[in-house]
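Here the structure comes first, spelled out in structure tokens, and everything after it is commentary.
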Amino acid sequence: MHGYSDLQLETLGDAILAYSADRLKLDPVPLDGPRTLAQLDAAAGTTITAEGIGGEAALDLFARDLAPACISTDHPRYLSFIPCAPTEAAAMFDLVVGASSIYGGSWLEGAGAVYAENQALRWIADLVGLPAEAGGVFVPGGTIGNLSALVAARHTARMQAAHAGRTGAGARPWRVAATHGAHSSISSACDVMDAEFVGVEVDGDLRLTGENLRKVLLEHGPETFFAVVATSGTTNFGIVDDLASVAAVCQELGIWFHVDGAYGGAGLAAPSVRHLYAGIEHCDSFIVDPHKWLFAPFDCCALLYREPALARAAHTQHASYLDVLTGTPDWNPTDYSVGLTRRARGLPFWFSLATHGTDAYTEAVERTLEVTRFAASEIAGRDYLEVVREPDLSVVVFRRREWSAGDYQVWSDRLLADEFAFVVPTSHEGETLTRFAIVNPRTSEDDISAILDTMA
Ligand SMILES: *Cc1c(COP(=O)(O)O)cnc(C)c1O
């Protein structure tokens with residue numbers, strides 16, 4: 001199969017590039033939608049045979065039957081969960097990364113890629129306000145980013161406890177403090193690590209504050225915690241915790257301060273909301289997913305550490321066949337997270353940053369904030385709708401007065417079936433609501449109004 005002839009390679013290559021170019025030029029892209037297993041069985045059937053069906057037939061099959069059964073996350077009216085709307089530059093460069101067989105785990109094998117990825121990480125570190133020594137790695141997503149940061153935090157806390165000669169209860173800190181509004185990946189990481197998630201009450205504005213945090217830490221014993229997780233943009237509401245007061249408590253009690261900015265970290269690039277992040281510069285670790293609000297394709301999470309050596313101590317895998325890599329002072333990305341083999345998944349993001357420049361990122365993030373503010377004011381101006389909480393960032397949660405949970409679902413299903421929009425219900429304190437997450441600069445005021453009209 002590696003012996004594809006030049007001619008076959010050229011024909012298939014042209015077809016693949018043409019398909020990709022056409023997809024990137026579509027405006028708007030089709031929203032598409034799910035099919036049942038029976039429908040896919042009927043349409044596509046068995047695709048893998050002993051002899052193979054050939055690249056062109058497989059591509060045709062993908063284009064005809066499979067691609068339309070996948071919702072386009074970059075459709076301007078895809079406002080569910082957190083959309084993913086990569087720049088064309090980033091999406092195109094993903095093809096280059098795929099074609100290049102780069103091993104992104106070590107400097108020895110991928111120096112050029114790692115060099116470029118590190119410049120992209122540095123741009124983010126500067127937005128956060130981290131020192132020159134800060135560094136990290138691009139991992140598949142926020143879930144692995146959070147887990148990796150917490151593993152580094154726990155390793156550090158346990159080394160410190162051992163160093164201080166502490167024994168007995170609390171000598172091996174096992175607790176993590178966060179709010180219940182923190183992303184589900186935090187409690188999932190705790191499960192994986194067999195750590196205990198301790199919930200902290202939010203304040204009246206749904207934020208984690210130093211005051212509430214301090215109470216919980218003192219109640220359980222600060223020495224039993226290895227990390228505090230604050231969120232800079234919760235997924236459901238886009239709420240930024242009171243990072244400055246949380247940082248102060250972490251500093252006072254000597255606990256690792258992790259900031260989960262998987263969705264909301266991108267707002268650091270936007271001057272109109274930058275003040276909300278005050279205190280973030282004190283974090284020990286931080287994540288942001290460029291595949292959410294920084295216009296990179298799946299899958300891409302930037303994970304940064306204030307002191308990368310602490311993460312390296314926790315994550316470096318040792319094996320005789322790896323000595324040639326781990327025995328050097330080189331920057332090996334794989335030493336900073338869970339995982340070994342890695343795709344140089346930061347490169348599409350790097351390429352787009354290099355292509356457009358960072359000002360374009362600021363403009364694009366500000367544009368989505370502008371459309372979000374428009375959405376909030378449109379909702380407020382329509383008597384059948386009500387904003388549940390004024391948006392901090394680019395998520396707005398709202399209520400359709402007099403609708404039951406079933407009404408939201410019927411409405412949402414109809415929008416998708418009509419390929420008009422993808423907006424799913426959410427819930428808060430037991431009440432069914434709905435929500436717009438606006439991270440696509442192509443989402444316009446007209447899109448918002450058109451969707452709101454369907455709720456009248
Ligand atoms: C999306 C999200 C995550 C998880 O990120 P994945 O890339 O989906 O693994 C974690 N935290 C927050 C705040 C998120 O919005």
Side-chain angles (χ1 to χ4, degrees), residues 71 73-74 78-86 90 124 128 136-151 153 176-193 197 199-200 202 206-208 227-243 246 257-268 273 276-277 280 283 285-304 337-339 342-343 345-346 348-349 365 368 372 391-397 424 426 428 435-440:
I71 300 177
T73 63
D74 57 344
Y78 180 124
L79 303 177
S80 294
F81 314 116
I82 307 283
C84 174
I124 295 169
V128 175
V137 55
F138 286 101
V139 295
T143 300
I144 298 295
N146 283 330
L147 174 64
S148 299
L150 290 176
V151 166
V176 174
T179 67
H180 290 291
H183 190 262
S184 50
S185 59
I186 302 299
S187 67
S188 157
C190 289
D191 286 344
V192 170
M193 297 171 71
F197 179 103
V200 183
V202 290
L206 306 178
R207 289 175 218 276
L208 172 65
V228 166
V229 180
T231 310
S232 65
T234 58
T235 321
N236 205 17
F237 278 90
I239 297 165
V240 182
D241 287 334
D242 181 6
L243 302 175
V246 171
F257 175 35
H258 175 65
V259 177
D260 177 357
Y263 148 66
L268 288 165
V273 293
L276 296 173
Y277 300 81
I280 198 168
C283 70
S285 53
F286 170 76
I287 64 158
V288 59
D289 279 352
H291 70 218
K292 284 180 173 167
W293 197 8
L294 284 176
F295 325 115
F298 299 126
D299 46 9
C300 186
C301 167
L303 163 62
L304 284 163
S337 69
V338 172
R342 70 177 288 276
R343 171 180 173 84
R345 63 170 61 78
F349 174 56
V365 173
T368 59
T372 309
D392 279 359
L393 301 176
S394 71
V395 174
V396 51
V397 177
V424 292
T426 187
H428 178 61
R435 166 183 174 278
F436 291 159
I438 301 168
V439 300
N440 184 345

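When a residue number appears, it is its place in the shown sequence, counting from 1. Just so you know, ligand 1 is whichever comes first in the structure, and atom 1 is the first atom listed for that ligand.
For Y263 and H291, the ring centers sit 6.0 Å or farther from each other. Ring pair H428/F237: centre-to-centre distance below 6.0 Å.
In this structure, D289 is part of the shell of residues with a heavy atom less than 4.0 angstrom from ligand 1. Residue contacts with ligand 1 include S185, since one of its heavy atoms falls under 4.0 Å from the ligand.
Residue, atom and distance of the protein heavy atom nearest to atom 14 (C) of ligand 1 are K292 NZ, 2.9 Å. Taking atom 11 (N) of ligand 1 as the reference point, the nearest protein heavy-atom neighbour is D260 OD2, 2.6 Å. In this structure, atom 4 (C) of ligand 1 lies nearest to the protein heavy atom H183 CE1, 3.3 Å.
Here the CZ atom belonging to R345 is positioned 5.0 Å from the CG atom belonging to D299, to the nearest 0.5 angstrom. In this structure, SG in C84 is found 9.5 Å from CG in D289, a value given to the nearest 0.5 Å. Note: H180 NE2 to T234 OG1 = 14.5 Å, rounded to the nearest 0.5 Å. Put simply, SG on C283 and CG on L243 are 9.0 Å apart, with the number rounded to the nearest 0.5 Å.
Side-chain atoms of S232 and D260 include no donor-acceptor pair closer than 3.5 Å.
At a heavy-atom distance under 4.0 Å, no atom of I144 approaches ligand 1.
Considering both main-chain and side-chain atoms, G142 comes within under 3.5 Å of ligand 1 through a nitrogen or oxygen pair. In terms of polar-atom proximity, T234 is not counted as a contact of ligand 1, lacking any N or O under 3.5 Å from an N or O of the ligand.
Numbered from 1 in the order shown, with element, the atoms of ligand 1 that lie under 4.0 Å from a heavy atom of T235 read 12 (C), 13 (C), 14 (C), 15 (O). Which parts of ligand 1 touch H291 is read off a 4.0 Å heavy-atom cut-off, strictly below it: atoms 7 (O). Heavy-atom proximity to Y263, at under 4.0 Å, picks out these atoms of ligand 1: 15 (O). Listed by atom number, the atoms of ligand 1 under 4.0 Å from T143 heavy atoms are 4 (C), 5 (O), 6 (P), 9 (O). Of all atoms in ligand 1, numbered sequentially from 1 with element shown, those under 4.0 Å from a heavy atom of A262 are 2 (C), 3 (C), 10 (C), 11 (N), 12 (C), 14 (C).
Between V439 and S394, the closest side-chain pair of non-hydrogen atoms falls below 4.5 Å.
Residues S185 and N146 share a closest heavy-atom pair of OG-ND2, 3.1 Å.
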